[in-house]
> 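First, the structure itself, so that you have it in front of you.
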Amino acid sequence: MQAENSRSKLKRHKTSFILILALILVIGSFTITIVSKQLEIREKKQEKAQKQEALEQQLHENEYIQSVLDSDDKSDFLEQEARKLGYGYPNEKVFYDVTPGE
């Protein structure tokens, strides 16, 4: 009888050890998942902030272009854009200021 009691105690001990080990693994898995999701959320928030900033800049640029289109004098705007692309008037000499610090 004592042999049966010791076997049943040993089985209970093995079962409780396996149960505790499984519980630790499940909790560890959940913890790793939560941490990785928090990192992903942080990255997405940073990406959202960058996209929001780019949107704000684009909206300001659109407002500027719309104000130029609504005005009667478009020649200044067209001249600035042409100069950005390297165009100029015929026989025009363009001088660039290469002074350091400005």
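Counting from 1, the numbers follow the sequence of the chain as shown.
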> Mind checking the CD-CD spacing from Glu43 to Glu47? Nearest 0.5 Å is all I need.
9.0 Å
> Distance from Glu79 atom CD to Tyr89 atom OH, nearest 0.5 Å?
4.0 Å
> How long is the straight-line distance from CZ of Arg42 back to NZ of Lys37, given to the nearest 0.5 Å?
15.0 Å
> Are Ile32 and Leu39 co-members of a hydrophobic cluster defined by side-chain heavy atoms under 4.5 Å apart?
no
> How far apart are the closest heavy atoms of Thr99 and Asp97, and which atoms are they?
OG1-OD1, 2.5 Å
> Hey, does the side chain of Ser29 reach the backbone of Leu25 with a donor-acceptor pair shorter than 3.5 angstrom?
no
> Does the distance from a Lys or Arg side-chain N to an Asp or Glu carboxylate O, for Arg83 and Glu92, drop under 4.0 Å?
yes
> Please report the interatomic distance CG(Leu23) to OG(Ser16), rounded to the nearest 0.5 Å.
12.0 Å
> Does a donor on one side chain sit under 3.5 Å from an acceptor on the other, for Gln58 and Asn62?
yes
> Is there a path of hydrophobic side-chain contacts, each under 4.5 Å between heavy atoms of I/L/V/M/F/W/Y residues, joining Val35 to Phe30?
no
> Give, for atom CD1 of Ile65 and atom CG of Asp70, the distance between the pair rounded to the nearest 0.5 Å.
12.0 Å
> How many angstroms lie between atom CD of Gln38 and atom CD1 of Ile41, to the nearest 0.5 angstrom?
4.5 Å
